[in-house]
Asker: 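Starting off with a structure, shown below.
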There are 2 protein chains.
Amino acid sequence: MSDCNTCVVRNRAICASLTADEIQLLGQLGRKQRVAPGQSLIWEGDESLVVANVIDGVFKLTVSNVQGKEQIVGIVFPSDFIGRPFGEHSPYSVTALTEGEVCMFTRQSFDNFARQHPELEHKLLHRTLDELDNARKWMQLLGQMNAEQKLANFLLVMSNRLAGQSCAIADPSEGYTLPFGRQQIADLLGLTIETVSRQFTKMRGKGIIELPNRRDICIRDRAALEILAA
Amino acid sequence: MSDCNTCVVRNRAICASLTADEIQLLGQLGRKQRVAPGQSLIWEGDESLVVANVIDGVFKLTVSNVQGKEQIVGIVFPSDFIGRPFGEHSPYSVTALTEGEVCMFTRQSFDNFARQHPELEHKLLHRTLDELDNARKWMQLLGQMNAEQKLANFLLVMSNRLAGQSCAIADPSEGYTLPFGRQQIADLLGLTIETVSRQFTKMRGKGIIELPNRRDICIRDRAALEILAA
DNA sequence: CGCGTCCTTGACACATATCAAGCCAAGTGG
DNA sequence: CCACTTGGCTTGATATGTGTCAAGGACGCG
């Protein structure tokens, strides 16, 4: 059982739709669990046994083809929901990219609870519709952008989700630490690691971004980046 | 007002979750409307004013970049749901590819009705989760497949949705009529029309498919097609 | 029959993948 | 404290798939 009253995502996760009484019931079904980078919670194709709210950390959703090439089909941040409710199987894997913590439920207990609490289902529907919009936006990126546009859009999207974190050099509001290595950026954008690296180098050469180390990004000229992204 | 009792998608659309009384209420909010090929019901970026159930016909969901290049981000068949409930704006356009008929609601009246009928929202949640899974599967296609794999997958997916229709030559169970022209196939797969055409020619040359005319597809060797798709 | 639209085919260019080598930073053990 | 290893990243040379540009062909329609 989880103590929902002290939960840092209490008012941002789907739990926000519940009353104090209801959330206590739900809390009894869930349990908090810490996860390490690289740890998977759900595997592509496996039976869908658990769902969870993300309390802390960043996760990736991935599908792989037979040759093992990986496509990242979603990124999950704190207060987001993980897993496939109302379905026998999960069509994607869920893996932690950073240290993190989740509030986990068995799928069945969550499904049952949700069916009895329309407000919760409504909130989940809202989120799922938003996720679908995001996925379709990303299809546009994968389908019709070149490498430069893909990377520029990626940097801008990440900036929106991760803004305000430390940046080793410039204006802190324009710097953040990526939760990805180069290979994962490639898997997300449908490129190779070499192409990603070259595009980074090119943007740094133009003075648009700064790369103080392997994981940090500083946006020096956001306007220029937005032009590249269009 | 629509006569739901005679509606051909009564038991397949989200309406199937409603009782006779409820569906009568919903029917009073909706109105049936015929649409012509090329006619748009919703425009990308516009206020989300209407939603609808598809009674007949095939529709595309599209997003366009500033240069006007179009990416098809979804295809909608009879009994599917159209539009963006619970959102101010629609992030994509909805356009008919064939003659068709829809059962239309103002978004606001539908939203209100849905909030008062959890069973309907539950059904809608189910569908949205399935759509999200489809969209992510398609991201894999856009992100990591080559032209041949993309087209092979496309033909197999279409075969599942359109199977059993007429084919001018071979085994009717393996033939169907595409609701797309070449340009739209290209927009769907993130390719150019020329590449699509060349891949069609190549597959025909190998005896895997037959192309009796511009719109018909006959699958002559499904096993081979499945190998190409992997 | 002639016109327009859509499709196919060809020649060529270019972006990105592939293959291969080297670099850098961090960690480990002597 | 320094050599050594390791894993991730960058850079270079080359190959190739797909885009681009251009012409020609097929089909449907007035």
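We name chains A, B, ... by the order of the sequence lines, and we start the count at 1 in each one. Note that the structure is predicted; figures quoted are calculated from it, not measured.
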Asker: Salt bridge (Lys or Arg N to Asp or Glu O under 4.0 Å) with Arg127(A): which residues, sequence neighbours excluded?
Answerer: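 Once residues adjacent in sequence are excluded, the partners of Arg127(A) under the salt bridge (Lys or Arg N to Asp or Glu O under 4.0 Å) criterion are Asp80(A).
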
Asker: Could I get the full list of salt bridge (Lys or Arg N to Asp or Glu O under 4.0 Å) partners for Arg34(A), not counting sequence neighbours?
Answerer: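 Listed in chain order: Glu99(A), Glu101(A).
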
Asker: Just the endpoints, please: which first and last nucleotides of DNA chain C, 5' to 3', lie under 4.0 Å from a heavy atom of chain A?
Answerer: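 First-to-last contact on DNA chain C, by the 4.0 Å heavy-atom rule, is dT16(C) to dC24(C).
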
Asker: Less than 6.0 angstrom from the centroid, inside 45 degrees of the normal: does Arg136(B) satisfy that with respect to the ring of Tyr92(A)?
Answerer: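 Yes, Arg136(B) lies over the aromatic ring of Tyr92(A).
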
Asker: Taking salt bridge (Lys or Arg N to Asp or Glu O under 4.0 Å) as the test, write out the residues that go with Lys202(A), two or more places apart.
Answerer: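 Lys202(A) satisfies salt bridge (Lys or Arg N to Asp or Glu O under 4.0 Å) with Glu148(A) only.
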
Asker: Name all residues meeting the ring-ring contact (aromatic ring centres under 6.0 Å, His included) criterion together with Phe81(B); count only those two or more places apart in sequence or in a different chain, and write none if there are none.
Answerer: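 Scan of Phe81(B) (ring-ring contact (aromatic ring centres under 6.0 Å, His included), adjacent residues dropped) gives Phe110(B).
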
Asker: Can you sort out the partners of Phe86(A) under ring-ring contact (aromatic ring centres under 6.0 Å, His included), two or more places apart, ordered by chain and number?
Answerer: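 ring-ring contact (aromatic ring centres under 6.0 Å, His included) check on Phe86(A) returns His122(B), His126(B).
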
Asker: With sequence neighbours excluded, tell me which residues meet side-chain contact (heavy atoms from CB on, under 4.5 Å) with Gln183(B).
Answerer: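 Ala186(B), Asp187(B), Ile193(B).
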
Asker: Listed by chain and number, what are the side chain to side chain donor-acceptor pair (under 3.5 Å) partners of Gln149(A), not counting sequence neighbours?
Answerer: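 Partners of Gln149(A) by the side chain to side chain donor-acceptor pair (under 3.5 Å) criterion come out as none, since no residue qualifies.
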
Asker: Output a table of donor-acceptor pairs, distance under 3.5 Å, between side-chain atoms of residues 45-58 of chain A and any protein atom two or more places apart or on a different chain; print 'none' if there are none.
Answerer:
residue: Ser48(A); atom: OG; partner: Arg84(A); partner atom: O; Å: 2.9

Asker: Per the end-axis method with five pairs at each terminus, what is the bend angle of the helix from dC1(C)-dG30(D) to dG30(C)-dC1(D), to 10°?
Answerer: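 So the angle between the two local helix axes works out to 30°.
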
Asker: Pick base, sugar-phosphate or nothing for Arg182(B), based on heavy-atom distances below 4.0 Å to the nucleic acid.
Answerer: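 Touches sugar-phosphate only.
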
Asker: Under the side-chain contact (heavy atoms from CB on, under 4.5 Å) rule, collect the residues that match up with Arg214(B), sequence neighbours excluded.
Answerer: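 Here no residue qualifies.
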
Asker: Just to be sure I understand the geometry, which residues of residues 189-196 of chain B put a non-hydrogen atom under 4.0 Å away from DNA chain D?
Answerer: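 Contacting residues: Gly190(B), Leu191(B), Thr192(B), Glu194(B), Thr195(B).
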
Asker: Determine the contact category for Thr201(A): base if any of its heavy atoms lies under 4.0 Å from a base atom, sugar-phosphate if only primed atoms, P, OP1 or OP2 are that close, otherwise nothing.
Answerer: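 The answer is sugar-phosphate, as Thr201(A) gets under 4.0 Å only of primed atoms, P, OP1 or OP2.
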
